[in-house]
> 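A single structure is presented below for examination.
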Protein chains: 2
Amino acid sequence: MIKQLEMLLALAKEQHFGRAAEKLGITQPSLSSGIKQLEEHLGVKLVQRGSRYGGLTPEGQRALVWARQIVGDSRRLRDEMRSVREGLSGHLRLAVIPTALTWAARLTTEFAQAHPNVSFTVLSRSSVEILELLENLDADAGLSYLDNEPLGRVNSAPLYREHFALVCRTDHPLAARDRVAWSDLGDTPLSLLTPDMQNRRILNRNFMEAGVAPQARVESGSTIVLVASVIDGGQATILPEDHARFLATGHGLSVVPIDETRGAPSVGLIAPFQDPQTPVLTALFRLAGRIATPESAVTT
Amino acid sequence: MIKQLEMLLALAKEQHFGRAAEKLGITQPSLSSGIKQLEEHLGVKLVQRGSRYGGLTPEGQRALVWARQIVGDSRRLRDEMRSVREGLSGHLRLAVIPTALTWAARLTTEFAQAHPNVSFTVLSRSSVEILELLENLDADAGLSYLDNEPLGRVNSAPLYREHFALVCRTDHPLAARDRVAWSDLGDTPLSLLTPDMQNRRILNRNFMEAGVAPQARVESGSTIVLVASVIDGGQATILPEDHARFLATGHGLSVVPIDETRGAPSVGLIAPFQDPQTPVLTALFRLAGRIATPESAVTT
DNA sequence: CAAAGCGATAGGAAAACCCGATGATAAAGC
DNA sequence: GCTTTATCATCGGGTTTTCCTATCGCTTTG
């Protein structure tokens with residue numbers, strides 16, 4: 001039964017019998033009959049079939065929700081038992097917004113120190129993609145913005161707040177300033193994250209409230225690209241101050257704090273909401289609570 | 001895999017391989033190997049074995065929690081798909097505190113009217129037993145006290161509040177009174193619910209606060225026994241007023257309201273907390289919201 | 001109109017499952 | 001102290017289920 005539910009998940013994700021079967025390590029006919037069995041078992045058509053995959057029926061959509069829940073729980077059960085067997089162990093997949101990558105490193109190294117048998121995969125994704133990954137069981141936890149945009153059904157723990165800073169070469173007109181205001185940056189050519197990222201939307205809002213529009217010359221999903229283009233192209237970029245200092249050191253760049261006009265966005269650890277929480281996630285949340293900045297705990 | 005989890009549930013409940021196997025409709029060796037398979041799959045010993053069943057290991061206890069979740073969800077998935085197939089249908093098992101039985105009847109008849117394909121089983125249980133039944137997937141929903149004592153992880157919707165009244169024969173010394181106080185009842189011989197029931201504990205608290213002790217001559221888990229013993233034995237009993245009037249009519253009994261000295265206890269519908277809620281339960285909660293007394297919604 | 005892509009179906013081999021019978025061990029009875 | 005009983009594990013078999021390869025039928029594409 002669980003096997004068939006996994007088939008449904010794979011099929012819904014791949015939208016293609018052949019590919020889904022391949023992912024599952026079975027042949028296409030096996031998948032085909034597996035889905036048919038599930039449909040018989042539930043007494044409902046789940047998949048719109050013609051000679052092509054035609055999407056899930058409404059019942060299929062609904063069954064998918066349950067399937068995620070059940071398959072996820074059964075995996076978590078297995079993981080937890082393995083943890084019992086060999087201490088906290090296993091593999092955690094973290095999906096992280098680009099500007100939180102340095103914090104992800106901090107979190108994972110500290111965790112790995114306490115629990116040497118736990119390994120990590122860290123992906124850099126936009127905040128919406130992170131929520132999707134968590135939904136689809138393709139990630140176990142994430143680092144993302146906690147407010148601003150609706151989270152799904154998740155547990156969360158704040159880690160820190162983002163304070164923005166301008167990053168530019170020392171020969172940049174604004175490089176010598178102690179602070180700058182958003183309104184100072186209306187005419188400055190900038191390298192910024194792509195508009196699908198929440199960081200960029202937050203920046204845009206700040207610009208808008210200052211009554212100016214950002215001049216984005218380079219857009220990228222990677223902060224490394226942004227800083228590199230600052231170094232090579234003589235432009236400027238805007239990043240959270242911590243992250244900026246991390247990337248700027250050793251490259252002869254200036255980091256100039258920007259005056260804050262609204263609450264600093266809060267970033268933290270999120271994981272799918274679960275009733276029985278697995279020990280690994282519990283430990284991760286405990287660690288997050290320990291290494292969070294004092295400021296992050298303040299509710300705005 | 002789910003099959004094996006069901007085996008674990010049955011074994012944990014029956015504490016006996018033979019009986020558990022029988023409940024599952026399989027033979028004892030099948031159960032034995034099923035459990036062993038599960039243990040191999042999870043890589044952990046789940047059951048303490050000697051030549052007798054020796055209880056679950058700590059890991060087994062923990063796995064049991066997940067098993068309940070997973071098996072419950074898979075049943076709810078099946079039920080929901082059946083509902084899609086043949087409209088709202090199926091069988092709901094309600095566990096109800098004795099004094100709420102009349103409300104259970106109201107709830108079920110109204111629901112059955114709207115959804116003729118849904119049938120009910122209504123059990124009369126104490127509030128703690130109700131929570132156990134919900135935990136063990138042996139009941140789908142319940143009617144019980146909403147405050148006073150800790151509920152587990154449940155959804156709840158208030159239905160009404162209990163206002164106590166004295167029930168006695170018309171030849172009883174207190175029968176002619178308009179109202180009585182708790183302190184008036186210290187010397188009155190009473191028939192009351194057994195002390196394992198929350199209703200009785202609430203009564204005890206009321207008595208205690210009035211500085212008197214109840215004189216319980218007959219104790220029972222059934223309000224019918226209480227009223228019958230009032231009729232036959234000339235004693236008195238204390239019941240929620242609604243329930244009292246229901247049972248008292250036609251038997252020449254007096255129902256005398258008791259002065260309230262504390263907030264009237266709230267009674268409502270409860271069901272295991274679920275993320276995807278099944279349509280039947282959703283409908284039941286909606287109905288509960290419609291037929292609830294206005295007073296019940298007030299938070300004290 | 002031929003070719004390619006996609007999913008369903010058929011048939012046979014392999015695996016899993018389930019049962020009855022039996023074995024082993026510990027508690028209970030005499 | 002020995003026998004009996006209760007209880008769970010194991011074994012050998014027959015049956016069902018599962019899964020794979022090969023192929024078919026339909027649809028889309030060039």
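Protein chains get the first letters and strands the later ones, always in sequence-line order, with residue 1 at the start of each. The figures that follow rest on heavy atoms only: side chains count, while hydrogens, waters and symmetry mates do not.
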> Would you mind reading off the distance between I35(A) atom CD1 and dC19(D) atom P, rounded to a whole angstrom?
13 Å
> Without decimals, in angstroms, what is the distance between K36(B) NZ and dC8(D) C1'?
11 Å
> Starting from P on dC8(D), measure out to CD on Q48(B) and report it in whole angstrom.
14 Å
> Hey, is the main chain of T121(A) close enough, under 3.5 Å, to the side chain of R93(A) for a donor-acceptor pair?
no
> The side chain of S32(B) lies closest to which of these nucleotides: dG7(C), dC19(D), dA9(D)?
dA9(D)
> Say whether, by atom type as modelled, one donor and one acceptor occur between the side chain of R85(A) and the main chain of L42(B) under 3.5 angstrom.
yes
> Describe the nucleic acid contact of Q37(A) in one word from base, sugar-phosphate, nothing, applying a heavy-atom distance below 4.0 Å.
sugar-phosphate
> In whole Å, what is the span from the CG atom of L38(B) to the P atom of dA16(C)?
16 Å
> Would you check if the side chain of R125(A) reaches a backbone N or O of I97(A) as a donor-acceptor pair within less than 3.5 Å?
no
> What is the minimum heavy-atom distance between F285(B) and A271(B), and which atoms define it?
CE1-CB, 3.7 Å
> Check the distance between dT7(D)'s P and E14(B)'s CD and give it to me in whole angstrom.
13 Å
> Using a strict heavy-atom distance below 4.0 Å, which residues from residues 23-31 of chain A are in contact with DNA chain C?
Q28(A), P29(A)
> Out of dC6(C), dC8(D), dA9(D), which has the shortest distance to the side chain of R49(B)?
dA9(D)
> Would one find a side-chain N or O of K3(A) under 4.0 angstrom from OP1 or OP2 of dC19(D)?
yes
> Could you state the atom-to-atom distance from CD of E40(B) to C1' of dC17(C) in whole Å?
14 Å
> Among T57(A), L46(A), V44(A), whose side chain to side chain contact (heavy atoms under 4.5 Å, CB included) with E39(A) holds?
L46(A)
> Given dA8(C), dC17(C), dC8(D), which nucleotide is nearest the side-chain atoms of F17(B)?
dC8(D)
> Would you mind reading off the distance between M7(A) atom CE and dA8(C) atom P, rounded to a whole angstrom?
13 Å
> Could you tell me whether the side chain of H115(B) and the main chain of V118(B) form a donor-acceptor pair under 3.5 Å?
no
> Taking only N and O in the side chain of H16(B), is any of them less than 4.0 Å away from OP1 or OP2 of dA6(D)?
no
> Does this structure show an ion pair linking R76(B) with D73(B), if we count only N-O contacts that are shorter than 4.0 Å?
yes
> Let me know the distance between CE of M1(A) and P of dT17(D), rounded to the nearest Å.
16 Å
